[in-house]
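Below, chains carry the letters A, B, ... as their sequence lines are ordered, and counting in each starts from 1.
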There are 2 protein chains.
Amino acid sequence: MVRISAVDRRDQLVEAAIRVMSREGLERTTTRRIADEAGAPQGAFHYAFRDKNELLTAVVGAVTLEVEKVLRDAVDPALGLAAAIEDGLRGYWAHAVADDGLRLMQYELTIFCRRTEGFEWLAEWQYARYASAALEVFDAAATFETRALDISMTDLTNFLVAAMDGLVIQYEVTRDAERCERDLAHVIRAATLLTGLEPSRAPGRGPLVGRPNPD
Amino acid sequence: MVRISAVDRRDQLVEAAIRVMSREGLERTTTRRIADEAGAPQGAFHYAFRDKNELLTAVVGAVTLEVEKVLRDAVDPALGLAAAIEDGLRGYWAHAVADDGLRLMQYELTIFCRRTEGFEWLAEWQYARYASAALEVFDAAATFETRALDISMTDLTNFLVAAMDGLVIQYEVTRDAERCERDLAHVIRAATLLTGLEPSRAPGRGPLVGRPNPD
DNA sequence: AACCGTCTTGGTCGTTTGACCAACTAGCAG
DNA sequence: CTGCTAGTTGGTCAAACGACCAAGACGGTT
């Protein structure tokens, strides 16, 4: 028997919880299943956490941090705002598609917070972190632009976060990666149009604007 | 004691279920609570429905129909596509804000379907209905346009559905109606820009495009 | 009036859940 | 070696759940 410190036990259980929750869903994630997944006895759970909600709080924190990291890694601010939008959204998208169960879990957790008295702040905090991380990244990119923008940076990041949330939901429901990738391109184009800047790179088939695109 | 036909009992329970679920959330919605809300004894539930899942299927159907109706009522195709986008989105938005618990419930149900084996089709069906209803409405409006559009109608409606989903989630989390209404305006503008058409109406402060909008 | 299918009702079953606990043990400090 | 703290363990509890059922009541039909 290997003895594990309480903090390590917490990390171990949080990671196990994330695995179970993204695989099976929040509702089916019981403290027993989490302990099993971590290879720990059931009683160890309530030694590491006061209750299930305390674990869920830790899970939300861990997942939020990871999303922030993905966004930061995807963007090089020096390439300008238009490129930042394209790279940031595509980077997040790749991350979302790579583990769709995890994305589903995030929405389950957000709704759980919104539904549980005393946990509304967690959902707010989560999205505030998203917004501020995005604002930080895109703001840095905007400093490399000479032209004034048609939209404020906070409004732009709000738009981006909302659009990506909607897109991920569509992907979760339809599982149609091809269609969603096309939709992603439209979101990128829409965001760029909102800024009033030129598209970041020449797309394959010439300029994006002013071309009829019949169904 | 008033005797009620089995179909009426179903409607009664579905409506009660919608009330309970939007108020308390899917997890806390038990068959007992539904029966209580409907003023029916617990046993009546399994007389009207085989399963809890059968009821949930009926609930999804009812809610989906209502959303379609809201969209149709909000739009007058004869006013053109740009006006249809503005009216459709604002109409849906007003409906979403009016009963935010109901919107939360919809996401809970969508995720539930996605998580429950054998119910994935329900989530797909739900969003296919949204997409086709939106396509029908906006397509009708597009026939009044003379100019060719920069985007296909299916791509446009996908964009609109995704953007509204994301926006509603933001509202559910932040509860900041003022901010979300500003975001809604940006979604409308973005969608209009994607089509390549002029905005539907002169906004309060002059043309929307080409004006610096500093933070 | 007698009948019978539709609907109603309260109770009960087996299961699962989060929480809790008392007993136990490893390993460090003195 | 002794004593103490931090960590471990399996069992147990009350509560709540979905499902099910047997028995009864209603009301239209004959």
Side-chain angles (χ1 to χ4, degrees), chain A residues 1-21 23-60 105 108-109 112-113 115-119 122, chain B residues 1-21 23-60 105 108-109 112-113 115-119 122:
Chain A
M1 174 184 55
V2 185
R3 289 174 80 81
I4 304 173
S5 79
V7 271
D8 288 346
R9 197 52 121 179
R10 280 176 69 100
D11 291 347
Q12 194 184 52
L13 286 169
V14 165
E15 279 173 37
I18 290 176
R19 282 197 301 274
V20 176
M21 287 171 56
R23 192 193 326 132
E24 318 220 8
L26 177 57
E27 197 187 338
R28 271 188 273 278
T29 300
T30 67
T31 58
R32 287 165 223 267
R33 248 184 267 254
I34 294 171
D36 274 359
E37 176 83 19
Q42 209 256 330
F45 185 94
H46 282 92
Y47 184 78
F49 296 97
R50 183 181 348 202
D51 47 41
K52 198 185 180 187
N53 288 347
E54 194 177 289
L55 167 94
L56 294 180
T57 306
V59 168
V60 170
M105 179 193 89
E108 289 178 307
L109 283 174
F112 168 82
C113 294
R115 284 292 193 194
T116 309
E117 210 179 307
F119 282 81
L122 228 194
Chain B
M1 175 184 53
V2 185
R3 288 177 79 81
I4 304 174
S5 80
V7 272
D8 288 346
R9 197 52 121 178
R10 281 175 69 101
D11 292 347
Q12 195 184 52
L13 286 169
V14 166
E15 279 173 38
I18 290 177
R19 281 197 302 275
V20 176
M21 287 170 57
R23 193 191 329 129
E24 317 220 8
L26 178 56
E27 197 187 337
R28 271 187 271 279
T29 300
T30 67
T31 57
R32 288 165 221 267
R33 246 183 270 253
I34 294 170
D36 274 359
E37 177 82 19
Q42 210 255 328
F45 185 93
H46 282 92
Y47 183 78
F49 297 96
R50 179 177 357 185
D51 240 20
K52 197 186 181 186
N53 287 347
E54 193 176 289
L55 167 93
L56 293 180
T57 307
V59 168
V60 171
M105 180 194 88
E108 290 178 307
L109 283 173
F112 168 82
C113 294
R115 284 293 193 194
T116 308
E117 210 179 306
F119 282 82
L122 229 194

Donor-acceptor contacts under 3.5 Å from residues 11-20 of chain A side chains, at least two apart:
residue: A:Gln12; atom: OE1; partner: A:Arg9; partner atom: NH1; Å: 2.7
residue: A:Arg19; atom: NE; partner: A:Glu37; partner atom: OE2; Å: 2.8

Within this structure, what is the [atom1]-to-[atom2] distance between [X] and [N], rounded to whole angstrom?
| X | N | atom1 | atom2 | value |
| --- | --- | --- | --- | --- |
| B:Asp36 | C:dT8 | CG | P | 16 Å |
| A:Phe45 | D:dT9 | CZ | C1' | 16 Å |
| B:Phe49 | C:dC7 | CZ | C1' | 15 Å |
| B:Leu56 | D:dG18 | CG | P | 10 Å |
| A:Lys52 | C:dC20 | NZ | P | 15 Å |
| A:Gln12 | D:dG7 | CD | P | 13 Å |
| B:Asn53 | D:dG18 | CG | P | 10 Å |
| A:Leu13 | C:dG18 | CG | P | 14 Å |

Any N/O pairs under 3.5 Å between the protein and nucleotides 11-16 of chain D? List them or say none.
residue: D:dG11; atom: O6; partner: A:Gln42; partner atom: OE1; Å: 3.3

- prompt: Which heavy atom in A:Thr31 sits nearest to a heavy atom in A:Gln42, and how many Å separate them?
  reply: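 Minimum heavy-atom separation between A:Thr31 and A:Gln42: OG1-NE2, 3.3 Å.
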
- prompt: Nearest heavy-atom pair of A:Thr30 and A:Lys52: which atoms, and what distance?
  reply: CA-NZ, 4.5 Å

query: Hey, mind stepping through A:Leu26 and B:Glu27 against side-chain contact (heavy atoms from CB on, under 4.5 Å) and telling me if it holds?
result: CA-CA 10 Å; A:Leu26 177 57; B:Glu27 197 187 337; 5.6 Å; no

- prompt: If you fit an axis to the five pairs at each end of the helix from C:dA1-D:dT30 to C:dG30-D:dC1, how big is the angle between those two axes, to 10 degrees?
  reply: 10°

message: What verdict does the side-chain contact (heavy atoms from CB on, under 4.5 Å) test give for B:Phe119 and B:Leu109, after you've listed the backbone C-alpha separation in whole Å, the side-chain angles of each residue and the deciding distance to 0.1 Å?
response: CA-CA 10 Å; B:Phe119 282 82; B:Leu109 283 173; over 6 Å; no

message: Below the 4.0 Å mark, does C:dA19 have OP1 or OP2 next to a side-chain nitrogen or oxygen of A:His46?
response: yes

query: Side chains of A:Met105 and A:Val59: does their closest heavy-atom pair fall under 4.5 Å?
result: yes

- prompt: Does the pair B:Glu108 and B:Met21 meet the rule for a side-chain contact (heavy atoms from CB on, under 4.5 Å), with working shown?
  reply: CA-CA 9 Å; B:Glu108 290 178 307; B:Met21 287 170 57; 5.6 Å; no

message: Quick check: on DNA chain D, is the nucleotide nearest B:Arg50 upstream (toward 5') of the one nearest B:Glu27, or the reverse? Name the residue that is more 5'.
response: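 Final value for this comparison: B:Glu27.
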
query: Among the nucleotides C:dT9, D:dT8, D:dA19, which one has an atom lying closest to any side-chain atom of B:Asp51?
result: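 My answer, after comparing the listed nucleotides, is D:dA19.
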
message: If you only use heavy atoms from C-beta on, which nucleotide in C:dC7, D:dA19, D:dT9 is closest to the side chain of B:Tyr47?
response: C:dC7

message: Looking at A:Arg115 and B:Arg28, would you say the former's side chain and the latter's main chain have a donor-acceptor pair under 3.5 Å?
response: no

